[in-house]
Participant: 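Structure in structure tokens, see below.
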Number of protein chains: 2
Amino acid sequence: MLKLSKLTDYGTLLMTTLAAAPESVRNAQELATETHVSAPTVAKLLKLLVRGGLVESTRGAHGGYRLARAPEKITVAEVVRALEGPIALTACSVHGGGCGIEESCAARVNWRVINDAVKQALEGVTLAEMAAPLRSLLRTRTAIQPPPLNEFPLTRF
Amino acid sequence: MLKLSKLTDYGTLLMTTLAAAPESVRNAQELATETHVSAPTVAKLLKLLVRGGLVESTRGAHGGYRLARAPEKITVAEVVRALEGPIALTACSVHGGGCGIEESCAARVNWRVINDAVKQALEGVTLAEMAAPLRSLLRTRTAIQPPPLNEFPLTRF
DNA sequence: TATAATCGGGACTAAATCGGTCTGATATGG
DNA sequence: CCATATCAGACCGATTTAGTCCCGATTATA
Ligand code: SF4
Ligand code: SF4
């Protein structure tokens with residue numbers, strides 16, 4: 001459904017929760033009860049987010065998790081990328097996607113443009129804005145810009 | 001991966017192909033060879049598109065398919081909707097999505113705004129533009145507008 | 001140092017979805 | 001009436017997703 005996977009959805013909720021108190025260190029269990037997401041799932045997500053460099057962990061007793069950067073410096077796009085790889089609406093928008101009919105596809109070039117639009121929409125929203133809801137998002141939405149012309153795919157289409 | 005299903009992808013390709021010659025009537029087999037998509041899949045897609053009101057079919061000998069409306073009047077968003085239902089990034093952005101933690105979700109309101117942004121991006125692209133690649137898309141991308149304020153969800157967040 | 005708390009990595013299963021195929025009914029043109 | 005071609009739907013295998021569990025590594029603290 002052009003939809004986010006549920007894991008990614010929960011992941012952003014998790015990050016938003018972390019962003020609400022960026023300094024404090026909380027463990028997986030605490031975050032689970034705060035977000036109402038099941039504990040094992042939270043743990044799994046946090047692992048992925050750590051690996052993606054968005055969250056710092058401290059091990060051992062009294063350990064826990066904390067944002068790796070200031071909430072203003074983390075975009076929703078990064079969260080999505082950490083959890084489910086590059087943002088690619090179509091198979092061909094990531095290199096070597098292996099669609100098979102790329103050569104003859106009339107829609108490919110335009111999908112790429114649409115893909116970029118979506119990507120930039122996600123990149124324009126920071127965790128700080130997610131945590132402090134919606135006022136600032138209004139600005140963000142109009143900030144979507146066309147890419148410079150020379151960035152366009154040099155295809156033989 | 002925040003990705004389109006392959007069926008939807010092929011569906012837009014199919015529609016783009018139809019839009020390239022909006023007048024002519026072609027049958028499923030012809031469209032399959034033109035798009036390089038397997039024939040049964042094309043047939044399945046066309047059924048869905050007919051049901052969605054985007055394509056007209058004529059049955060019997062010399063039957064085939066044709067766009068129901070002018071290419072300028074059909075948006076990519078409609079194609080996506082016909083093939084995979086309402087555009088909903090998160091489970092809660094469609095009514096009765098049944099997320100379960102909606103009450104306590106800090107991210108919900110903002111996801112809704114992002115969802116609207118993506119939706120409008122898709123609504124801003126017509127099949128005519130897909131068929132005549134990319135020049136006109138540049139305009140479209142900047143045309144994304146914030147919704148009127150009173151359209152915002154009235155939540156107790 | 002011993003112990004408890006906590007993360008890290010990965011394997012694993014169940015369920016849902018997706019992509020694709022097939023068959024029979026139905027409608028049209030000749 | 002027959003050949004052609006869409007229509008509707010069931011159907012299935014493959015893949016992906018969601019969720020759980022286990023065990024080894026690491027650290028604070030008593
Ligand atoms: S080449 Fe065309 S069909 Fe293949 S993934 Fe890209 S847009 Fe889709
Ligand atoms: S309520 Fe929150 S967690 Fe549930 S679907 Fe909406 S955004 Fe996702």
Side-chain angles (χ1 to χ4, degrees), chain A residues 1-11 13-14 18 24-33 35-66 68 80 82-85 88-91 97-101, chain B residues 1-14 18 25-33 35-66 68 80 83-85 88 90-91 97-101:
Chain A
M1 285 197 221
L2 179 61
K3 74 160 172 251
L4 245 48
S5 86
K6 206 178 277 188
L7 250 348
T8 307
D9 184 3
Y10 291 160
L13 171 54
L14 200 49
L18 282 170
S24 68
V25 172
R26 279 162 286 181
N27 65 29
Q29 180 55 51
E30 288 172 316
L31 289 167
T33 58
T35 56
H36 298 95
V37 177
S38 84
T41 301
V42 168
K44 179 181 203 166
L45 284 169
L46 286 168
K47 284 176 220 172
L48 289 172
L49 292 167
V50 168
R51 196 179 300 185
L54 299 178
V55 167
E56 278 179 358
S57 66
T58 32
R59 294 164 80 142
H62 293 283
Y65 296 92
R66 194 167 57 95
V80 173
L83 295 179
E84 50 188 45
L89 263 61
T90 65
C99 164
I101 64 177
Chain B
M1 285 201 220
L2 179 60
K3 73 163 171 249
L4 247 47
S5 88
K6 205 177 276 187
L7 250 348
T8 308
D9 184 3
Y10 292 159
T12 58
L13 171 53
L14 199 49
L18 284 170
V25 172
R26 280 162 285 182
N27 65 28
Q29 181 55 50
E30 287 173 315
L31 289 167
T33 59
T35 56
H36 298 95
V37 177
S38 85
T41 301
V42 168
K44 179 179 200 164
L45 284 169
L46 286 168
K47 282 176 225 171
L48 289 172
L49 291 167
V50 168
R51 192 179 305 182
L54 299 177
V55 168
E56 277 178 359
S57 66
T58 33
R59 294 165 83 139
H62 295 285
Y65 296 92
R66 193 167 58 92
V80 173
L83 295 178
E84 49 187 46
T90 64
C99 166
I101 65 177

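Keep in mind that what you see is a predicted model, and the values were worked out from it rather than measured.
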Participant: Within the structure, does a side-chain N or O atom of S38(B) lie under 4.0 Å from either OP1 or OP2 of dG19(C)?
Facilitator: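 The answer is no; no side-chain N or O of S38(B) sits under 4.0 Å from OP1 or OP2.
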Participant: Would you give the length of the straight line joining atom OG of S57(A) to atom NZ of K47(A), rounded to the nearest 0.5 angstrom?
Facilitator: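 One gets 11.5 Å once the value is rounded to the nearest 0.5 Å.
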Participant: Can you measure K44(B) atom NZ to dC18(C) atom C1' for me and round it to whole angstrom units?
Facilitator: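 Checked: the NZ to C1' distance equals 8 Å.
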Participant: Which listed nucleotide (dT4(D), dT27(D), dG8(C)) is nearest to the side chain of A61(A)?
Facilitator: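 From the listed options, dT27(D) comes nearest.
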Participant: Given atom CG of L14(B) and atom P of dG19(C), what is their separation to the nearest angstrom?
Facilitator: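 Value for this atom pair: 15 Å.
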Participant: What's the CG-P distance between D9(A) and dT17(D), to the nearest Å?
Facilitator: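 So the two atoms are 14 Å apart, to the nearest Å.
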Participant: Is the shortest side-chain heavy-atom distance between T35(B) and V42(B) below 4.5 Å?
Facilitator: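 Answer yes - side chains close enough.
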Participant: Nearest whole Å is fine: how far is dT27(D) P from H62(A) NE2?
Facilitator: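 Whole-Å distance recorded here is 15 Å.
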Participant: Separation of L7(A) atom CG from dT20(D) atom P, in whole Å?
Facilitator: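 So the CG-P distance, L7(A) to dT20(D), works out to 11 Å.
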Participant: So, is Y65(A) near the phosphate of dG8(C), with a side-chain N or O under 4.0 Å from OP1 or OP2?
Facilitator: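 For dG8(C), OP1/OP2 do have a side-chain N/O of Y65(A) under 4.0 Å.
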Participant: Side chain of N27(B) only, please: which of dC7(C), dT21(C), dA5(D) is the nearest?
Facilitator: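 Nucleotide nearest to N27(B)'s side chain: dA5(D).
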Participant: Return the value, rounded to whole Å, for the distance between atom CD of E84(B) and atom P of dG19(C).
Facilitator: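 Taking CD of E84(B) and P of dG19(C), I get 9 Å after rounding.
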Participant: Show your working on side-chain contact (heavy atoms from CB on, under 4.5 Å) between I101(A) and L13(B) and close with a plain yes or no.
Facilitator: CA-CA 11 Å; I101(A) 64 177; L13(B) 171 53; 3.6 Å; yes
Participant: Of all the nucleotides listed (dG10(C), dA27(C), dG19(D)), which has the minimum atom distance to the side chain of R59(B)?
Facilitator: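 Closest of the options to the side chain of R59(B): dA27(C).
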Participant: Take E56(B) and V25(B), measure what side-chain contact (heavy atoms from CB on, under 4.5 Å) needs, and give me the verdict at the end.
Facilitator: CA-CA 9 Å; E56(B) 277 178 359; V25(B) 172; over 6 Å; no
Participant: Would you say the side chain of K47(A) and the base of dG9(C) hold a donor-acceptor pair, judged only by whether the two atoms sit under 3.5 Å apart?
Facilitator: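 Yes, a donor-acceptor pair under 3.5 Å.
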Participant: Starting from P on dG9(C), measure out to CG on L45(A) and report it in whole angstrom.
Facilitator: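 After rounding, the gap between these two atoms is 15 Å.
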Participant: Considering every strand and a 4.0 Å limit on heavy-atom distances, what is the contact class for A28(A): base, sugar-phosphate, or nothing?
Facilitator: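 Sugar-phosphate, no base atom in range.
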Participant: How do G60(A) and T41(A) order along DNA chain D: which one's closest nucleotide is nearer the 5' end?
Facilitator: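 Final value for this comparison: T41(A).
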Participant: Examine dA5(D): is either OP1 or OP2 under 4.0 Å from a nitrogen or oxygen in the side chain of T58(B)? Give yes or no.
Facilitator: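 Negative; the distance criterion is not met.
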Participant: Mind checking if R26(B) touches a base, just sugar-phosphate, or nothing, with heavy atoms under 4.0 Å?
Facilitator: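 Nothing, no nucleic acid heavy atom in range.
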Participant: Determine the sole option in L31(B), L14(B), V55(B) for which the side-chain contact (heavy atoms from CB on, under 4.5 Å) test with L45(B) is passed.
Facilitator: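 For L45(B), the side-chain contact (heavy atoms from CB on, under 4.5 Å) test succeeds with only one of L31(B), L14(B), V55(B), which is L14(B).
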Participant: Can a side chain N or O of S5(A) be found less than 4.0 Å away from OP1 or OP2 on dT16(D)?
Facilitator: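 For S5(A), the contact criterion (side-chain N or O under 4.0 Å from OP1 or OP2 of dT16(D)) is not met.
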Participant: To the nearest Å, give me how far apart CD (E56(B)) and C1' (dA27(C)) are.
Facilitator: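 Whole-Å distance recorded here is 16 Å.
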